[in-house]
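Chain identifiers are assigned alphabetically (A, B, ...) following the order of the sequence lines, protein sequences preceding nucleic acid strands; residue numbering begins at 1 within each chain.
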Protein chains: 2
Amino acid sequence: MERLWHCQDMPRVSKDPTPIAAAPARQATIRESNLALLYRLIVDAPAPVSRAALAAATGMTRATASALADALLAGGLIAEVAPPPAASAGRPAAGLVPARTGPAGWGLEVNVDYLAACVVDLSGTVRATVMRHGDQRDREVGEVLDDLADLAREVAVPGLKPAGIALAVPGLVQTPTGRIQRAPNLGWEDLEVTERLRKLMPEAMLAPMVGNEADFAALAEAHAGLEDGATNADFLYVSGEIGVGAGIVLAGELFRGSRGWAGEIGHVTVEPGGAACRCGARGCLETVAGLEALQRLGPQAAATALGRAVAAAVNLFDLPAVVLGGVYARADLAAVLVPGVAGALAEHVVSAPWAPVAVRASRWGEAAAATGAATAVVRRVHAEPAAWVGAGVA
Amino acid sequence: MERLWHCQDMPRVSKDPTPIAAAPARQATIRESNLALLYRLIVDAPAPVSRAALAAATGMTRATASALADALLAGGLIAEVAPPPAASAGRPAAGLVPARTGPAGWGLEVNVDYLAACVVDLSGTVRATVMRHGDQRDREVGEVLDDLADLAREVAVPGLKPAGIALAVPGLVQTPTGRIQRAPNLGWEDLEVTERLRKLMPEAMLAPMVGNEADFAALAEAHAGLEDGATNADFLYVSGEIGVGAGIVLAGELFRGSRGWAGEIGHVTVEPGGAACRCGARGCLETVAGLEALQRLGPQAAATALGRAVAAAVNLFDLPAVVLGGVYARADLAAVLVPGVAGALAEHVVSAPWAPVAVRASRWGEAAAATGAATAVVRRVHAEPAAWVGAGVA
DNA sequence: ATGGAATTGTTTGATGGATGAACTTATGGA
DNA sequence: TCCATAAGTTCATCCATCAAACAATTCCAT
């Protein structure tokens, strides 16, 4: 090894061993981490939780859990509710629940034929939604953003303040910059809207987020209450619109790929040598299962193609469930598409014989992406409560 | 919200808010985290690193970085090398490098026509490889494991002790249990070999790992030195054998899916209504690009099909690079397959126009999976050095 | 040769967060 | 009325990082 030291073209040892490096853990880090852990338990719990229960669930001492809970209370991220009628001996527990006033997530959506805005509070509840129908194709970006600003004001709920804002667009968005690479159905190309979103809502603490419509819709689906106990931590969400997009949720988190362009299922080849696609290739899923093709060829043809593409995704990602969204969720279409896709999965997915893949239609209707965008903001607060706790104390 | 408290069918508040919960961060956690951070910098550095450089790169104080480095030294995970001829003023820096003696990774591979074993030290260097050719199909599992035990002894290198052992098999392996779901080409079905691997090498500190052959080969590829500066943090590794498998590497880590069955590219449909596959479906990639079909139909047909399936994967995962391994890496085949796949990607991948996808053949030959398996063990030590540091002190 | 500048590595006390045990509060039941 | 039980709080202690001063070693200019 010593040889390396005398090698002249080697870089100086002391300079720049790695250009960038992650920040080290310090004592503040463990507090941030534990605050987030506690907050997640409070948010995910089906009923109000006591400080003692939090301590037991995490393994912290009651002293620690209590101190952290008090910090969350002081920051306005959770609230205390009256104790229940005691069922056993001992001092009754005070219940902790996510706050339903204070910081909340604002979600905006621009789609081909409508604009939407949505507010979701820290408990994950949708508090308000507004939509404005109208063709958005080939409009000036500035005008669209002005309209969205109006909607954001209209959707405001008394007692809720924007913690952050997220915009859903039907197109490719670069991560983590939020640059809109292209949204072909809107006629948008290479746009930077983050700064304008920030000005739109300067009081928000979080930086604006921009993301793909299907991705945000998937996020909304991931956090929809499931009455049948089905898993919603890992699934593929396929959104049928003019184009076909997919949002992939893994362990409750959106998978975006290294540059944010993951989930482009619309251009998976399902019919080699098939119809020409506007992307330049032939036989893309979009040419058979996109909205226009769907109307022309009918749902049966779309089901076959969709089944093939979805099976490929499930084989590659190892997913236990698939959700059909967008127009695919419309009852008449879902009645054909759900069984069609389920059949294709049973046939083509390697693990299906011993682990069948569940297929269902989305529970969310229109403006799912706006809801998901608002949810994304709320999830950021859930994941990093320390910023609010610090601010509340200072 | 208070309503919830009086709802009789609600679970008791204090009991079981969440069945399981992650462990909280304690003070030991931050030390473990920082040890791992420092160790990674030392391992990834192209030349010996000084304590001061580590402090600068991480943002820790020199005092902290120094203390942690001393702990790694005491644990035998790194070594100190003599200072270089000083190039500037100031006290010369002592260099820190990964240890080349002590703990090392043992990798085993069982394939259709050979067995292999490999030892990789903490610097990531392959120190020894042994292979034993011979048909392994339909052999008794116990016999095969006995042969592997022999190979593990043969491959031993003086001065290196097993930190752990990993086994690569050509089949589906459940994660994180390590249960072999099925390895059709070996005739194996539903096997539990972890316990036998543990007995094979009882002095190893880490629990035995079992994984898919293509996955481990991908891992080997991810950590191969790249002379051309190409990225190897995110890529798709496609392994052509009797079957066709893929290992997906994201941010330097293997993506296995929630149950460990990700990467099943061999049964993606590439020719609707095509030849029957042994999986029961028709037109799977394997029926055109598997080893037998490859010999029958030639590489040109395989290239077209492979291009389609790989394009689907790249569209879904947003990957900047693809590596062809297994028999696909053989020079004569690669000469056809690499340009063929590259052409298909340029045509079918949505982001290709502004972010071309790199395609190349694997640099590793046979026994790539054994190398990758050994690498996986080494990576575990890199990721969790605290266990060794603690042991070294006690 | 000699002193100053520069850079590495170590020592020392301060800071802050989790811990564990004792303590206070509040309820049900004998 | 007393005691068992459980929730929440207080306080001394531990431990890893930080900050700043200190010691060690080399280059360079005079």
Side-chain angles (χ1 to χ4, degrees), chain A residues 12-17 23-38 48-74 80-96 386 389-390 393, chain B residues 5 12-17 23-38 48-73 80-96 386 389-390 393:
Chain A
R12 269 283 292 147
V13 179
S14 52
K15 304 294 177 200
D16 197 33
R26 31 178 55 84
Q27 278 169 300
T29 315
I30 112 178
R31 186 179 169 82
E32 287 164 19
S33 159
N34 284 344
L35 273 172
L37 175 63
L38 223 64
V49 206
S50 71
R51 292 166 174 81
L54 290 171
T58 57
M60 302 177 202
T61 61
R62 288 204 308 278
T64 306
S66 209
L68 292 172
D70 288 344
L72 291 172
L73 271 170
E80 205 163 12
V81 296
S88 73
R91 175 175 169 176
L96 301 174
V389 168
V393 170
Chain B
W5 285 98
R12 270 281 291 146
V13 179
S14 51
K15 304 294 178 197
D16 195 34
R26 31 176 56 83
Q27 279 166 301
T29 314
I30 114 179
R31 185 181 169 80
E32 287 164 20
S33 159
N34 284 345
L35 272 172
L37 175 63
L38 223 64
V49 207
S50 71
R51 291 165 174 82
L54 290 170
T58 57
M60 303 178 202
T61 60
R62 290 202 307 277
T64 306
S66 208
L68 292 172
D70 288 345
L72 290 173
L73 271 171
E80 206 164 11
V81 296
S88 75
R91 173 176 169 174
L96 301 174
V389 168
V393 169

Query - Residue whose closest nucleotide on DNA chain D lies nearer the 5' end, A/Ala25 versus A/Ser66 - result: A/Ser66

Requested in this report: Calculate the interatomic distance between A/Glu32 atom CD and C/dA18 atom P; express it in whole Å.
Outcome: 11 Å

Query raised in the report: When rounded to the nearest 0.5 angstrom, what is the spacing between CG in B/Leu73 and CG in B/Leu68?
Result: 11.5 Å

Requested in this report: Name the closest nucleotide to the B/Ile30 side chain, picking from D/dT17, C/dG9, D/dT26.
Outcome: D/dT17

Report task. Find the distance B/Asn34:CG to D/dC18:C1' and express it as a whole number of Å. Result -> 12 Å

Query - Nearest-Å distance for atom pair CG/P, residues A/Leu38 and D/dG8 - result: 12 Å

Query - Closest approach of A/Pro24 to B/Leu37 (non-hydrogen atoms, all atoms of both residues) - result: CA-CD2, 3.7 Å

Query raised in the report: Between A/Thr61 and C/dG20, does any side-chain N or O lie under 4.0 Å from OP1 or OP2?
Result: no

Requested in this report: Check the distance between D/dA7's P and A/Asp70's CG and give it to me in whole angstrom.
Outcome: 16 Å

Report task. Could you work out which one of C/dG20, C/dT11, C/dG9 sits closest to the side chain of B/Arg51? Result -> C/dG9

Query - Selection from D/dT17, C/dA22, C/dG9 that lies nearest to any side-chain heavy atom of A/Arg62 - result: C/dA22

Query raised in the report: Can you tell me if B/Ser33 uses its side chain to pair, donor with acceptor, with the backbone of B/Thr29 under 3.5 Å?
Result: no

**Report entry** Any A/Arg26 side-chain N or O less than 4.0 Å from OP1/OP2 of D/dA16
**Finding:** no

Report summary line: In whole angstroms, the gap separating C1' of C/dG9 from CG of B/Leu68 amounts to 14 Å

Query - Heavy-atom pair with the smallest gap, counting every atom of B/Arg51 and B/Ala65 - result: O-CB, 3.9 Å

Requested in this report: Report which part of the nucleic acid A/Ala28 touches: base, sugar-phosphate, or nothing (heavy-atom distance under 4.0 Å, all strands).
Outcome: nothing

**Report entry** Per A/Arg91 side chain, nearest of listed nucleotides D/dT17, C/dT24, C/dG9
**Finding:** C/dT24

Query raised in the report: Run the side-chain contact (heavy atoms from CB on, under 4.5 Å) check on A/Leu54 and A/Met60 step by step: do they pass?
Result: CA-CA 8 Å; A/Leu54 290 171; A/Met60 302 177 202; over 6 Å; no

Report task. Choose from D/dT17, C/dT19, D/dG8 the nucleotide whose nearest atom is closest to any side-chain atom of A/Gln27. Result -> D/dT17

Requested in this report: Measure from the side chain of B/Ala89, starting at C-beta and using heavy atoms only, and say which of D/dA16, D/dT26, D/dT17 lies closest.
Outcome: D/dT26

Requested in this report: Look at the side chain of A/Ala93 and decide which nucleotide, out of C/dG20, D/dA19, D/dG8, has an atom nearest to it.
Outcome: D/dG8

Report task. Check whether the side chain of A/Arg31 and the base of C/dG17 form a donor-acceptor pair under 3.5 Å. Result -> no

